[in-house]
There are 2 protein chains.
Amino acid sequence: MDIHQLRIFASVYRNRSFSKASEQLYISQPTISEHIKNLEKSLGCTLFDRLGRKIEPTSEADLIFPKALQLVEDLERINDLVLKSSQRVKGKLFIGASTIPGNYMLPVLAAKFRNKYPEVSFEIVIADTKIITDMLLNHEFFLGIVGASMEPRILNYEPFLDDELVFAGAPEFMENLTKSSVQIYQIPFLLREEGSGTRKTMEDFLHKMQIDLKKMNVVAILGSTDAIKQAIKVGLGTSILSRRAIAEELENGSLMEMKLSETMKRSFYLATHKKRTLPAQYKAFHDFLVAGSI
Amino acid sequence: MDIHQLRIFASVYRNRSFSKASEQLYISQPTISEHIKNLEKSLGCTLFDRLGRKIEPTSEADLIFPKALQLVEDLERINDLVLKSSQRVKGKLFIGASTIPGNYMLPVLAAKFRNKYPEVSFEIVIADTKIITDMLLNHEFFLGIVGASMEPRILNYEPFLDDELVFAGAPEFMENLTKSSVQIYQIPFLLREEGSGTRKTMEDFLHKMQIDLKKMNVVAILGSTDAIKQAIKVGLGTSILSRRAIAEELENGSLMEMKLSETMKRSFYLATHKKRTLPAQYKAFHDFLVAGSI
DNA sequence: TATTTCAAATAGGAAATAACTATCGAAAAT
DNA sequence: ATTTTCGATAGTTATTTCCTATTTGAAATA
């Protein structure tokens, strides 16, 4: 049994004629005859009594006609379903992001996106660039936002909003620092753990400035930006961290920035698997982020 | 788009594998590949992301899977539908019958049949054998009960219960008749109209008895058995009519039969169109009537 | 890193199916 | 009686489906 047979059956039933159906479907009349014959054979019953010039549907034909019609229409609707859904932006966005984007960039962007497409919701998993990258490789996310391009052959990377690292400390601390010109290696310094993107960027910057990290006065290594932030606030030392992470504190004066001769730019990337097809809502969010980054 | 593609798609989706699906459906793996490719082409979207050793359904696949499944199952259920319905005896029986069977035979038989199959209902149209025959030829009935085989090449005729015609009149009338042996051509006689089966049978009988109808004392030609019956009762004359039609009157003495040397048998026939397929309830009733006539 | 293994894609060809044209035959209309 | 209409049949051709054999590419393993 085949849907094509049902399509033909429905046309014959409606037209009460094999030849009318053949005109309607642009198929020759003998082909119609054959299909009806096969359908009758597979159902084990006669569908149309051939009465010379006329045909008359049997009660079995009356019975299956509505079902056949529904099947034919449902089949056609599958196409619409795909078309519609691919235009409709809704559903959950499960996104992996490294610390800075996840904490300080995505929330704002997600809110904006939701204004445009109220039917979406977000779940943002925050982890190392390394971990997010691995999860992308394992197809646990469609979309990641990471601080470094680690697998450019497998993943697609597109530039995202930049971040800037600033050298900051508690206000009283920083004022002292500017008055008495202290050696860089004497300043108490707080570090992120290895593997953190912020740490990596900072290292690169220090390297470029020809400062040796090993000689620095590292008073603590902490596992998150927030921990660093709290430590600085209570006067434990200074650190280099994302402007976005301490924007508020810089504003209200609870933290103070020390301008350096060079700015520490850090890029983030939208990462997707080269072989995965993005569902509509991911595609839309991806495009939204790319457009916003220009 | 084809249901076969959906069947294959569903299997691939469930198995999360082209080759597992190929085992399940006893189709080679390349064929599975090709069908999925074609389905993707016709839908205009990717259904499975090929990730080397694994495949992953896209959101479009998630979307259409339940629909596909339902379509495949619905299609299979059409077969069941036909099977079930052909065993189930129910629905309306629209039957054409000539006067005697329609008035005096079918009501009893219909009641018996309904005892056996309570889901049936009857609509019995009573008309001339000629009219019922024409309606059968025009496919206005599946089943007719008529008094003569008029179109044996187009309709199937099967013997049904016989009827007997009796010569009857009002009691006082008949008693006179027996006392004073009157000439047959002097008896006041009531006739049915031409075209009536009763009339035809009677004519044949008279012909066999070598009685000339034209010489008879015809006092009225009436259009129905009941009219004849009423006319006889009020003493207008005598007539020849169905024993079944006047069984009650003969019983209670309001009419009286005069036994003749020969009985006038009349056959009835179940008539069906040779080219029509009988719906289940008609088939069942037909078989019921044939069995009862033996 | 190289090798093996696994799963899907591709190529090429055979079989099955669906389609066509031409024609027949039966019933209905003229 | 003749023509017209409509479905069935016969005989081919085109298309589709499906197969086997092989290749490709990614993941697992040595």
Side-chain angles (χ1 to χ4, degrees), chain A residues 1-9 11-42 46-58 61 134 136-140 151 153-155 273-277, chain B residues 1-9 11-42 46-58 61 134 136-139 151-155 273-277:
Chain A
M1 166 121 55
D2 178 27
I3 201 85
H4 188 42
Q5 293 175 332
L6 292 185
R7 212 189 311 274
I8 288 171
F9 161 74
S11 178
V12 171
Y13 185 91
R14 273 201 273 236
N15 289 300
R16 293 286 192 277
S17 156
F18 283 43
S19 29
K20 292 257 177 62
S22 99
E23 283 166 31
Q24 191 177 60
L25 302 172
Y26 303 104
I27 294 175
S28 75
Q29 169 265 312
T31 303
I32 304 281
S33 290
E34 201 182 345
H35 278 298
I36 296 296
K37 196 164 81 179
N38 290 338
L39 184 58
E40 287 177 329
K41 197 173 150 192
S42 87
T46 306
L47 290 171
F48 299 98
D49 287 321
R50 281 70 157 181
L51 311 164
R53 177 164 289 199
K54 282 179 186 170
I55 60 169
E56 197 69 27
T58 63
D134 285 348
L136 280 165
L137 294 177
N138 279 324
H139 314 293
E140 291 175 55
E151 295 283 357
R153 273 181 306 192
I154 301 166
L155 302 180
H273 200 290
K274 281 184 175 172
K275 299 215 168 165
R276 292 308 303 272
T277 306
Chain B
M1 167 113 57
D2 179 27
I3 202 83
H4 189 42
Q5 292 175 330
L6 292 185
R7 211 189 313 273
I8 288 172
F9 160 75
S11 178
V12 171
Y13 184 91
R14 273 201 273 236
N15 289 301
R16 292 289 191 274
S17 155
F18 283 45
S19 28
K20 292 258 176 60
S22 99
E23 285 166 29
Q24 191 176 61
L25 301 173
Y26 304 105
I27 294 176
S28 75
Q29 169 266 312
T31 303
I32 305 281
S33 291
E34 202 181 345
H35 278 297
I36 296 296
K37 197 165 79 179
N38 290 338
L39 184 58
E40 288 177 329
K41 197 172 150 194
S42 86
T46 306
L47 290 171
F48 299 98
D49 286 322
R50 280 71 159 180
L51 312 164
R53 179 165 289 199
K54 282 180 186 170
I55 60 170
E56 196 69 28
T58 63
D134 285 347
L136 280 164
L137 293 177
N138 280 324
H139 314 293
E151 296 282 355
R153 274 181 304 193
I154 301 167
L155 302 180
H273 200 289
K274 281 184 176 173
K275 300 212 168 165
R276 292 309 301 272
T277 306

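Per chain, numbering begins at 1; letters A, B, ... match sequence-line order. Not measured: the values here are computed from a predicted model.
The nearest heavy atom of DNA chain C to S33(B) and to H139(B) marks one nucleotide each, and the one closer to the 5' end goes with S33(B). Closest-nucleotide positions on DNA chain D for T31(B) and K275(A) were compared, and the one nearer the 5' end corresponds to T31(B). Checking K54(A) against K20(B), the closest nucleotide of DNA chain C that is more toward the 5' end is the one next to K20(B). For L137(A) and I27(B), each mapped to the nucleotide of DNA chain D holding its nearest heavy atom, the one lying further toward the 5' end belongs to I27(B).
When the P atom of dT17(D) is taken as reference, atom NZ of K37(B) falls 13 Å away, rounded to whole Å. Distance CG (L155(B)) to P (dA27(C)): 13 Å, rounded to an integer number of Å. Atom CG of D2(B) and atom P of dC18(D) are 9 Å apart (whole Å). One atom, CZ of R16(B), and another, C1' of dA7(C), lie 16 Å apart when rounded to the nearest Å. N38(A) has its CG atom 11 Å from the P atom of dA19(C), to the nearest Å. When rounded to the nearest whole Å, the span between CG of L25(B) and P of dT17(D) equals 15 Å. Protein atom CZ of R7(A) is 11 Å distant from nucleotide atom P of dA19(C), rounded to whole Å. Rounded to an integer number of Å, the gap from E34(A) CD to dA16(C) P is 15 Å.
Contact annotation for S28(A): base contact, defined as any heavy-atom pair under 4.0 Å involving a base atom. Contact annotation for I55(B): backbone-only contact, meaning every heavy-atom pair under 4.0 Å involves sugar-phosphate atoms and none involves a base. Using a 4.0 Å heavy-atom cutoff across all strands shown, F48(A) reaches no nucleic acid atom at all.
Between dA7(C) and S19(B), no contact under 4.0 Å exists linking OP1 or OP2 to a side-chain N or O. Between dA9(C) and R50(B), a contact under 4.0 Å exists linking OP1 or OP2 to a side-chain N or O. Residue S17(A) places no side-chain N or O under 4.0 Å from the OP1 or OP2 atom of dC6(D). Side-chain N/O atoms of H35(B) include one lying less than 4.0 angstrom from OP1 or OP2 on dC18(D). Remark: H4(B) is in phosphate contact with dC18(D), judged by side-chain N or O atoms under 4.0 Å from OP1 or OP2.
With rounding to the nearest 0.5 Å, the separation of CZ in R276(A) from NE2 in H139(A) is 6.5 Å.
Contact check for L47(B) versus E40(B): side-chain heavy atoms found under the 4.5 Å cut-off. Residues I32(A) and L25(A) form a side-chain contact, since some pair of their non-hydrogen atoms from C-beta on lies under 4.5 Å apart.
Q29(B) contributes a side-chain N or O that forms a donor-acceptor pair with the base of dA9(C) under 3.5 Å.
Side-chain contact of Q29(A) with S33(A): a donor-acceptor pair under 3.5 Å is present, judged by distance alone. For the 3.5 Å distance criterion, the side chains of N38(A) and Q5(A) fail to qualify, holding no donor opposite an acceptor.
K275(B) and D49(A) are not joined by a salt bridge, as no carboxylate oxygen comes within less than 4.0 angstrom of a charged side-chain nitrogen.
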